[in-house]
Asker: 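Take this structure first; my questions come after.
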Amino acid sequence: MSGSKILVAPSILSADFGRLAEETRRMETAGADWIHLDIMDGHFVPNLTIGPQAVEAIRPVTRLPLDVHLMIEHPENYLSVFVKAGADRVTVHAEACPDLAAVVKQAIGLGVKVGVALRPKTGIELLKPVLDRIDLALLMTVNPGFGGQAFMPEVLPKIEALRKIFSRHIQVDGGINHETARSTHSAGADVMVAGTYIFRAMDARQAIVSLRGDAA
Ligand code: DX5
Ligand code: ZN
């Protein structure tokens, strides 16, 4: 995927939650491609974040696609509520889906782009039954649950292996900065999720440009 266009999806987990609308607009103005929303249930991951009401509140403030990352158990029970709230893309964790093919089918039926995420230690074999139906694979580069963690370089060979058999989006999420964006893009990733790196930057536009690297 070297030379392919890199898409940047700021994770609003690192935003000022008292000013979510302005923070979302700030990312659009700074050149973001998608807005990434991290939904955590306190069960699948040891943290709680936002629900569909927040997605609904953000929907009218931006024209960018809303990329909803569901770190929740039983995602099948919540897909339609997040789609109604305005999600354009929904990503479920394979580890949370005993019948992944059924969940993917359900999500596709709702008319959104569908992704499947894997924790750093989960092998890509789990994706194989749905690989021809999904638009995106999210290879987590930290253990999901919190922003601001260190990138796990052991995920790089997994990105390379997946890129050999999957031609759609490979997204990386966790510890992404201008250096890890370069190494994950060389391995085959094309969608960079970044929270801390973009929101804490003095200049969000410059941070986004730097994530696009040479492929900008
Ligand atoms: C972690 C979330 C990420 C997180 C990334 O579980 O899925 O989207 O916000 O944050 P940074 O870029 O700070 O590692
Ligand atoms: Zn995420």
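Heavy-atom basis, side chains included; hydrogens, waters and symmetry copies ignored. Whatever order the structure lists ligands and atoms in, that order sets their numbers, starting from 1.
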Asker: Can you sort out which atoms of ligand 1 are near G174, meaning under 4.0 Å from one of its heavy atoms?
Answerer: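 Near G174, the atoms of ligand 1 are 14 (O).
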Asker: With respect to S11, determine whether any N or O atom, backbone or side chain, lies less than 3.5 Å from an N or O atom of ligand 1.
Answerer: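 Such a contact does occur with ligand 1.
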Asker: Got a second to check how far L118's CG is from L126's CG, nearest 0.5 Å?
Answerer: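 One gets 6.5 Å once the value is rounded to the nearest 0.5 Å.
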Asker: Indicate whether any N or O donor in one side chain lies under 3.5 Å from an N or O acceptor in the other, for Y197 and S210.
Answerer: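 On atom types as modelled, these side chains qualify, holding a pair under 3.5 Å.
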Asker: I'd like to check which ligand 1 atoms, numbered from 1 as shown, lie under 4.0 Å from a non-hydrogen atom of D38.
Answerer: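 Answer, ordered by atom number: 2 (C), 3 (C), 4 (C), 7 (O), 8 (O), 9 (O).
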Asker: Of all the atoms in ligand 1, which lie at a distance below 4.0 Å from a heavy atom belonging to H69?
Answerer: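 Close to H69: 7 (O).
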Asker: Same cluster or not: M27 versus I39, using hydrophobic residues (I, L, V, M, F, W, Y) connected whenever any side-chain heavy atoms lie under 4.5 Å apart?
Answerer: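 Yes, one cluster joins them.
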Asker: Does Y197, backbone or side chain, put an N or O under 3.5 Å from an N or O of ligand 1?
Answerer: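 Checking ligand 1 against Y197, no N or O pair falls under 3.5 Å apart.
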Asker: Can E28 and R25 be counted as an ion pair, charged N to O under 4.0 angstrom?
Answerer: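 So E28 does not pair with R25 through a salt bridge.
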Asker: Regarding R212 and D33, does a basic nitrogen lie under 4.0 Å from an acidic carboxylate oxygen?
Answerer: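 The answer is yes: the pair qualifies as a salt bridge.
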Asker: Between E95 and H93, do the side chains contain an N or O donor and an N or O acceptor separated by less than 3.5 Å?
Answerer: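 The answer is yes; a qualifying pair exists.
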Asker: If you measure every N or O of G145 against every N or O of ligand 1, does any of those distances drop under 3.5 Å?
Answerer: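 Right, the criterion is met.
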Asker: Please name the atom of H69, restricted to N, O or S, that is closest to the Zn ion (ligand 2).
Answerer: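 Distance check against the Zn ion (ligand 2) picks out ND1 in H69.
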Asker: Could you identify the single nearest non-hydrogen protein atom to atom 14 (O) of ligand 1 and state the distance to 0.1 Å?
Answerer: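 Of the protein heavy atoms, G175 N, 2.8 Å lies nearest.
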Asker: Transitively linked via ILVMFWY side-chain contacts under 4.5 Å: I159 with M192?
Answerer: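 Yes, one cluster joins them.
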Asker: Is W34 reachable from I170 through a run of hydrophobic residues whose side-chain heavy atoms are each under 4.5 Å from the next?
Answerer: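 Result: no, two separate clusters.
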Asker: What residue and heavy atom of the protein are closest to atom 1 (C) of ligand 1, and at what distance?
Answerer: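 That would be F146 O, 3.6 Å.
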Asker: List every atom of ligand 1 that sits less than 4.0 Å from any heavy atom of D173, numbering the atoms from 1 in the order shown and giving each element.
Answerer: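 Those of ligand 1 that fall under 4.0 Å from D173 are 2 (C), 3 (C), 4 (C), 5 (C), 7 (O), 8 (O).
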Asker: Decide whether an N or O pair under 3.5 Å exists between V193 and ligand 1.
Answerer: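 No, there is no polar N/O contact under 3.5 Å.
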Asker: Atoms of ligand 1 less than 4.0 Å from P144 heavy atoms?
Answerer: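 The atoms of ligand 1 under 4.0 Å from a heavy atom of P144 are 6 (O).
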Asker: Quick check: does T196 get an N/O under 3.5 Å from an N/O on ligand 1?
Answerer: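 N/O-N/O distance under 3.5 Å: yes.
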Asker: G195 versus ligand 1: do any nitrogen or oxygen atoms come within less than 3.5 Å of each other?
Answerer: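 In this structure, G195 places an N or O atom under 3.5 Å from an N or O of ligand 1.
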Asker: Can you give the angle H36 NE2 - the Zn ion (ligand 2) - D173 OD2, rounded to 10°?
Answerer: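 About 100° at the Zn ion (ligand 2).
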Asker: Would you say CZ of F44 has more than 12 non-hydrogen atoms from neighbouring residues, nucleotides or ligands within 6.0 angstrom?
Answerer: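 For F44, atom CZ is crowded (more than 12 foreign heavy atoms under 6.0 Å).
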Asker: Enumerate the atoms of ligand 1 whose separation from the nearest heavy atom of M71 is less than 4.0 angstrom.
Answerer: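 Reading through ligand 1 atom by atom, the close ones are 6 (O), 7 (O).
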Asker: If you look at D38, which of its N/O/S atoms is nearest to the Zn ion (ligand 2)?
Answerer: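 Considering only N, O and S atoms, D38 comes nearest to the Zn ion (ligand 2) through OD1.
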Asker: If every non-hydrogen atom of D135 is compared with every non-hydrogen atom of R89, which pair is closest and at what distance?
Answerer: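 Looks like OD2-NH2, 2.7 Å.
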Asker: Of the protein's non-hydrogen atoms, which lies at the shortest distance from atom 10 (O) of ligand 1, and what is that distance?
Answerer: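 Protein heavy atom with the smallest distance to atom 10 (O) of ligand 1: G147 CA, 3.5 Å.
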Asker: I'd like to check which ligand 1 atoms, numbered from 1 as shown, lie under 4.0 Å from a non-hydrogen atom of H36.
Answerer: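 Counting from 1, the qualifying ligand atoms are 8 (O).
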Asker: For a quick check under 3.5 Å, do H69 and D67 share a side-chain donor-acceptor pair by atom type?
Answerer: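 No donor-acceptor contact under 3.5 Å links the two side chains.
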Asker: Report, in ascending order of atom number, the atoms of ligand 1 lying under 4.0 Å from any heavy atom of A194.
Answerer: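 Taking each heavy atom of A194 in turn, ligand 1 has 12 (O) under 4.0 Å.
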Asker: Should V103 and I72 be counted in the same cluster of Ile, Leu, Val, Met, Phe, Trp and Tyr side chains packed under 4.5 Å apart?
Answerer: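 Yes; tracing contacts between hydrophobic side chains, which count when under 4.5 Å, links both residues.
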Asker: Check whether any N or O atom of M140, backbone or side chain, sits under 3.5 Å from an N or O atom of ligand 1, and answer yes or no.
Answerer: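 In this structure, M140 places no N or O atom under 3.5 Å from an N or O of ligand 1.
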Asker: CG of L162 to CG of L131: how many Å apart, nearest 0.5 Å?
Answerer: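 One finds 6.0 Å between CG of L162 and CG of L131.
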